Amino acid sequence: MSRLYIAEKPSLGRAIAAVLPRPHKNHDGYIEVGNGDRVTWCIGHLLEQVEPDAYDYRYKKWNMADLPIVPEQWQLTPRKSASKQLSVVRKLCKQATEVVHAGDPDREGQLLVDEVIDYVKLADSKKAAMQRLLISDLNPSAVKRALSKMRSNRDFIPLSVSALARSRADWLYGMNMTRAYTLLGQKGGYRGVLSVGRVQTPVLGLVTRRDDEIANFVPKPFYELFALIPYQDMEIRARWKPSDACLPWQDEDGRILNRKLCENVVSRIKGQPAEVTESERKESRQAAPLPYSLSALQIDAARRFGMSAADVLATCQSLYEKHKVITYPRSDCRYLPQEHFRQADDVCRAIGSTDASLSAAVDGADTSLESKAWNDKKVDAHHAIIPTPKAVNAASLSGAEQKVYQLIARQYLMQFYPAAIYSEAKLVFTIAGGIFIARGRQLMSAGWRQLMGRNEESSSDNSTDLADKVPPLEKGTVLTCRDGEILDKMTEPPKPFTEATLLQAMTGIARFVSDQSLKKILRDTDGLGTEATRAGILDILFKRQLLVRQGKSIHATEAGRGLIYALPDEATYPDMTAHWEHQLQDMAEKKCAYRPFMEALEIQVSRLMERVKTSEVPQSLRDLKSPEPSKGKKRRFSRKPSSGATGRASAKGGSQRPRAKKQA
């Protein structure tokens, strides 16, 4: 009897082997443990979808008449870089009497190993008996616990089917739409790839629409009104809160648009009694921000250091794989398993040794404090990104690695500091029948905020001194309004997207749709793309020269705008992603079948292709300036676009690839 564990990644494979009987023998692509069992691994996806010309050679040349391309029997082929490891897995599968699926505990992790099992033609008897090992924490005690709770792999078939449907759907939609609009662009004279994807195109749409808002913005004057109320040796400034009767003179954001209205209020309140009708003083506590998910880390690194999402991910991979000083970085979770709390002292010591600038922060940390970050119920496939107990010499880290490590380490240390405590005050005055409000907020105890730099502190904390702004007055106190003050202001256009704000928009995409049911779906699925794919999606848009950086700002290029204007609305808004995710989640929960989902998509793609074939070249795709070719490369269009052009990057960092089966 010999058991084979197939992990998703080498790091997971090593974690499994570490708790199995010794001695261990390290072989090329697998580990043999003391009782004869073996642990092997995938390297992300070992397989990838074949290109269209594998189904029919005529598809090698892009031709509008051939669209839509709909494979009758989906096929996979080994990735060139992974063919050696696939051979190892194939050989070990034949030798093993029992196989354990140890992919990540999510739908992509389920498919990643399942597709290999199908491809190597594992014997039906072994497949029927295959067990599922679910590991979300690489601590030895957690791995041992998972090994004692294995389940039948059959229980997870719906997860695999859901991932399979998404991968095939992304290929079907992206491949056909990219070819169609690239060919349409060629008719208009554009010599570049106009890539379309379920995720990347709504992102391009976001930027394009923001650019249009800025370009078409017309500034308008608005006004703010304050009552000036003397008290002892100070003057209270209370902002006017217009009544409902003033709505005709306000915009949708409540700003006052009529100066004469303000002047009239000033004349009415000047010299009049100002009665305190509401007085409130309270203490508020602000807990430390949670440890990072990848997107949260990318947003902070972009804001603080101007690093791109792709650079942050690459830096994290190096810190994780090369230096082993942080945990798995492609995580969408900001919580930690309870098990990790026991490591706090070791992790803090490693931080102090690795980054001398955080020594004082380590000394001030109270590792007996347990923040809300430790919550097993909120940890799914992965936990938040935190430092490991391993220390390295800071000199061994590059400048970028030091910056990213420091962000991750500091965010972790914040969990061991008390809450920041504020004193807040509010006074509501009634003057000549109108309502005026004065507010104040003062930081009383910094707590975790002492770990923030001065620039961050000043930009994120709008505290005001209560003693200077909002004195402690009892309800019923009557003062006198000396005068009113009108501030003349102008509305400002929205700001261009930056790497940080675009990532925020992708993770919070729900606010860009109006359908309430879609908002909920997008909130539940973390928005557009996944932690692992967002950097790649942006990278594709930059490489295809559909987006461009201008300093820190991100704008759509002429070609990017032209593509968005040419596409139907359904392709440029996130609504389709929400509809897909809703059905895919139902599929994972056995509420929806694979075939109806795919058939509906095939009909949708066919309809879109017919629309393109029968339409003239849209005005927005005419006379576009073609992109500059890469140095040393000739531009060719008879070949395929890169897999990224179809918008089918997977949650595991490779391409999403369907299995070679006609039916799920």
Side-chain angles (χ1 to χ4, degrees), residues 1-48 76-105 108-127 129-148 150 153 317-325 327-330 388 390 652-654 657 659:
M1 289 284 291
S2 67
R3 176 182 280 180
L4 173 67
Y5 298 87
I6 305 177
E8 181 161 330
K9 296 175 286 289
S11 57
L12 179 58
R14 288 190 291 271
I16 295 169
V19 302
L20 296 177
R22 294 185 178 275
H24 294 170
K25 292 181 182 176
N26 292 319
H27 297 275
D28 192 3
Y30 71 100
I31 300 169
E32 187 172 358
V33 300
N35 64 357
D37 290 349
R38 293 163 176 179
V39 182
T40 189
W41 45 79
C42 302
I43 314 164
H45 281 274
L46 297 182
L47 302 163
E48 64 185 353
L76 290 175
T77 188
R79 287 174 53 207
K80 287 181 181 178
S81 61
S83 58
K84 183 179 178 182
Q85 185 62 17
L86 182 62
S87 297
V88 171
V89 176
R90 188 198 303 271
K91 180 186 75 173
L92 295 175
C93 280
K94 287 181 179 178
Q95 295 172 350
T97 54
E98 186 181 339
V99 176
V100 175
H101 181 315
D104 283 357
E108 292 302 322
Q110 186 66 39
L111 175 62
L112 189 143
V113 176
D114 278 347
E115 66 185 8
V116 171
I117 292 298
D118 282 352
Y119 190 83
V120 302
K121 295 183 170 57
L122 186 71
D124 290 343
S125 58
K126 294 181 189 177
K127 190 186 293 186
M130 190 160 64
Q131 290 183 288
R132 183 67 164 96
L133 176 60
L134 300 163
I135 297 174
S136 58
D137 179 357
L138 300 188
N139 271 305
S141 56
V143 175
K144 285 180 182 177
R145 194 163 55 247
L147 282 164
S148 69
M150 290 195 293
N153 193 54
Q317 285 296 128
S318 178
L319 289 169
Y320 171 63
E321 294 174 356
K322 179 182 176 184
H323 301 288
K324 298 180 175 59
V325 292
T327 58
Y328 182 68
R330 295 172 182 262
T388 67
K390 181 183 178 184
K652 299 299 156 192
R657 295 158 182 104
R659 293 179 288 181

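Bear in mind the structure is a predicted one, so any value in this text is a computation, not a measurement.
Sorted by first and then second residue, the pairs that involve residues 82-103 and meet salt bridge (Lys or Arg N to Asp or Glu O under 4.0 Å), not counting sequence neighbours, are Arg3-Glu98, Asp28-Lys84. Residue pairs meeting the ring-ring contact (aromatic ring centres under 6.0 Å, His included) criterion with at least one partner in residues 7-29, sequence neighbours excluded, are His27-Tyr30.
Counting only distance, with no hydrogens or angles, the side chain of Glu8 and the backbone of Asp104 share a donor-acceptor pair below 3.5 Å. At least one donor-acceptor pair under 3.5 Å links the side chain of Thr388 to the backbone N or O of Lys324.
Nearest heavy-atom pair, Leu112 versus Glu115, reported as atom, atom and distance to 0.1 Å: O-CG, 3.3 Å.
For Lys126, there are no salt bridge (Lys or Arg N to Asp or Glu O under 4.0 Å) partners two or more places apart in sequence or in a different chain. Remark: Ser87 engages no residue in a side-chain contact (heavy atoms from CB on, under 4.5 Å) (not counting sequence neighbours). Listed by chain and residue number, Glu339 satisfy the side-chain hydrogen bond (donor to acceptor under 3.5 Å, both in side chains) test with Arg145 (two or more places apart in sequence, or in another chain). In this structure Lys322 satisfies the side-chain contact (heavy atoms from CB on, under 4.5 Å) test together with Ser318, sequence neighbours excluded. Scanning for side-chain hydrogen bond (donor to acceptor under 3.5 Å, both in side chains) contacts around Ser83 gives an empty result, with sequence neighbours left out. For Asp124, the side-chain hydrogen bond (donor to acceptor under 3.5 Å, both in side chains) test picks out no residue, with sequence neighbours left out. Under the rule for a side-chain hydrogen bond (donor to acceptor under 3.5 Å, both in side chains), Thr327 has no partner lying at least two apart in sequence or in another chain. With sequence neighbours excluded, the residues forming a side-chain contact (heavy atoms from CB on, under 4.5 Å) with Ile135 are Leu12, Ile16, Leu133, Leu138, Val143, Ala146, listed by chain and number.
If you run side-chain hydrogen bond (donor to acceptor under 3.5 Å, both in side chains) between Lys127 and each of Asn153, Asp114, Asp118, only Asp118 comes through.
Side-chain contact between Leu122 and Val116: absent, with no pair of heavy atoms (C-beta onward) separated by less than 4.5 Å. The closest side-chain heavy-atom distance from Ile6 to Ile117 is below 4.5 Å. Ile31 places a side-chain heavy atom less than 4.5 Å from the side chain of Trp41. Counting heavy atoms from C-beta on, the side chains of Leu147 and Leu20 come closer than 4.5 Å.
Between the CD atom in Gln110 and the NE2 atom in His101 there is a gap of 4.0 Å [rounded to 0.5 Å].
Counting heavy atoms of neighbouring residues, nucleotides and ligands inside a 6.0 Å radius, atom NZ of Lys144 does not exceed 12 of them.
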